[in-house]
Amino acid sequence: MGDEFAWNDRYAGDGAWTEWFEICSVAGCRPEYAGRLAEQVSSAMYSQLARAGISRADTHGEDPVAFFDSYFKLRGSRDAKKPLKSYFLHRIRDEGIDMVDFVCGTLFGSGSGRIRDIVLDWIAVLKGWKPRTVADGEGRRRVVWENAGDENLASVELAGECDALELLDEEPLRAAAGRVIDAVSRRARVASNAASLLLYATSHDISLTEPCILSALGAGKSKVYSWRDKVMKALERELRSTEGGDTPLFARLLVASAAAHLPRKLREELGVDA
């Protein structure tokens with residue numbers, strides 16, 4: 001994708017992110033990469049910070065890029081005692097995931113990207129608050145902050161209620177998202193349901209080797225990965241000509257549209273929200 005807009009922030013490029021994964025230091029990358037990496041990381045970090053109702057002033061000049069680097073050096077994966085970035089790099093190589101898909105989906109995806117967890121940790125360090133995920137009466141999950149104080153919690157809740165994206169008319173974008181999936185299906189020459197499943201699984205970092213996915217697609221691993229490559233390339237082309245296709249809101253609606261195409265049983269197996 002080069003300098004094209006990706007799912008959310010301007011993509012720094014395959015070369016830049018490949019070098020970052022090797023050394024895990026934005027500042028340590030060659031100059032032509034470091035600036036682009038810093039721009040994408042800081043933009044994503046500050047965007048997530050604003051969603052939580054925390055202003056840049058509250059960071060007291062702390063560098064979001066430095067925190068991003070340290071997070072991947074110090075954090076281990078869920079199932080192995082090794083740095084998170086090493087685990088991710090292994091997955092990228094082992095599963096043959098395109099770097100742009102991994103960075104703009106797994107790292108910076110608007111719905112389930114790792115950036116959300118990174119910023120929750122950053123807020124905990126900056127403010128001394130402790131994040132905790134709770135479920136409401138309808139089963140929806142949200143983050144609450146322990147020991148934040150009533151005044152601070154009020155400002156956080158207000159920020160969530162006044163999200164400007166919620167004021168937009170989403171229906172035209174929902175319709176466009178449906179058209180994009182249909183166009184991707186035709187361009188990649190795969191069934192619409194298959195394209196939807198591949199888009200949903202990729203956006204949520206779900207392994208395509210999951211038995212329920214292979215069964216639903218009725219194909220082996222090699223064929224499934226081949227289809228996914230075609231679908232993502234087709235999606236890239238469609239988004240270039242779709243108004244608003246480079247925004248986080250459109251990415252969210254596109255994934256929601258893909259989820260709506262999935263059979264009910266498969267939605268349950270994948271844990272898709274109702």
Note to self: With side chain to side chain contact (heavy atoms under 4.5 Å, CB included) as the criterion, how do R114 and Y71 come out once you've worked through the C-alpha distance, each side chain's angles and the decisive distance to 0.1 Å?
What the structure shows: CA-CA 11 Å; R114 175 68 65 154; Y71 183 93; 3.4 Å; yes

Note to self: Run the side chain to side chain contact (heavy atoms under 4.5 Å, CB included) test on L49 and D58 for me, step by step, so that the C-alpha distance in whole Å, both residues' side-chain angles and the decisive distance to 0.1 Å come before the verdict.
What the structure shows: CA-CA 10 Å; L49 200 68; D58 289 324; over 6 Å; no

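- Within the 3.5 Å criterion, the main-chain N or O of L253 finds no donor-acceptor partner in the side chain of S257.
- Listed for the S226 side chain is no donor-acceptor partner under 3.5 Å among the backbone atoms of S222.
- When the options I115, D117, I123, L120 are evaluated for a side-chain contact (heavy atoms from CB on, under 4.5 Å) with Q48, the one that passes is I115.
- Of the possible donor and acceptor atoms, none in the side chain of D121 sits under 3.5 Å from a partner among the backbone N and O of I118.
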Check: Could you walk me through whether V103 and Q40 pass the side chain to side chain contact (heavy atoms under 4.5 Å, CB included) check?
Finding: CA-CA 10 Å; V103 169; Q40 184 174 9; 3.8 Å; yes

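- Between atom SG of residue C212 and atom CG of residue L262 there is a gap of 10.0 Å, rounded to the nearest 0.5 Å.
- S185 and D182 are not linked by any side-chain donor-acceptor pair at a separation below 3.5 angstrom, with hydrogens and angles left out of the test.
- Below 30°, between 30° and 60°, or above 60°: for W17 and W20 the angle between ring planes is above 60°, a perpendicular geometry.
- Residues passing the ring-ring contact (aromatic ring centres under 6.0 Å, His included) test with F102, sequence neighbours excluded: F88.
- Here the closest heavy-atom approach between residue D69 and residue S25 is recorded as OD2-CA, 3.5 Å.
- Side-chain contact, E62 with W122: no donor N or O sits under 3.5 Å from an acceptor N or O.
- For the atom pair CE of M99 and CD1 of I92, the computed distance is 4.5 Å after rounding to the nearest 0.5 Å.
- Residue R189 holds its CZ atom at 8.5 Å from NZ of K230, rounded to the nearest 0.5 Å.
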Next item on the list: Apply side chain to side chain contact (heavy atoms under 4.5 Å, CB included) to the pair V41 and Y46, showing each step before the final yes or no.
Entry: CA-CA 9 Å; V41 170; Y46 284 131; over 6 Å; no

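- Annotation: side chain to side chain donor-acceptor pair (under 3.5 Å) contacts of S215 (sequence neighbours excluded): none.
- Side chains of T209 and Y225 form a contact here, defined as non-hydrogen atoms less than 4.5 Å apart.
- In this structure, NE2 on H261 lies 13.5 Å from CG on L266, to the nearest 0.5 angstrom.
- Between atom OG1 of residue T18 and atom CD1 of residue I23 there is a gap of 11.5 Å, rounded to the nearest 0.5 Å.
- In this structure the side chain of I97 reaches within 4.5 angstrom of the side chain of R228, judged on heavy atoms.
- Between the T59 side chain and the R56 main chain, a donor and an acceptor come within less than 3.5 Å of each other.
- In terms of modelled atom types and a separation under 3.5 Å, the side chain of R36 and the main chain of E32 share a donor-acceptor contact.
- In this structure, E238 contributes its side chain and I181 its backbone to no donor-acceptor pair below 3.5 Å.
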Next item on the list: Carefully, step by step, assess N193 and S196 under the rule side-chain hydrogen bond (donor to acceptor under 3.5 Å, both in side chains).
Entry: CA-CA 5 Å; N193 284 349; S196 296; 5.2 Å; no

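- Using a 4.0 Å cut-off between charged side-chain N and carboxylate O, E268 and R264 make a salt bridge.
- Rounding to the nearest 0.5 angstrom, the gap separating the CG atom in L198 from the CH2 atom in W227 is 8.0 Å.
- Side-chain N or O atoms of Y11 include one that pairs as donor or acceptor with a backbone N or O of V100 at under 3.5 Å.
- Contact between L208 and I213 at its shortest, heavy atoms only, is O-CG2, 3.8 Å.
- Between the side chain of T202 and the main chain of L199, no donor-acceptor pair closer than 3.5 Å is present.
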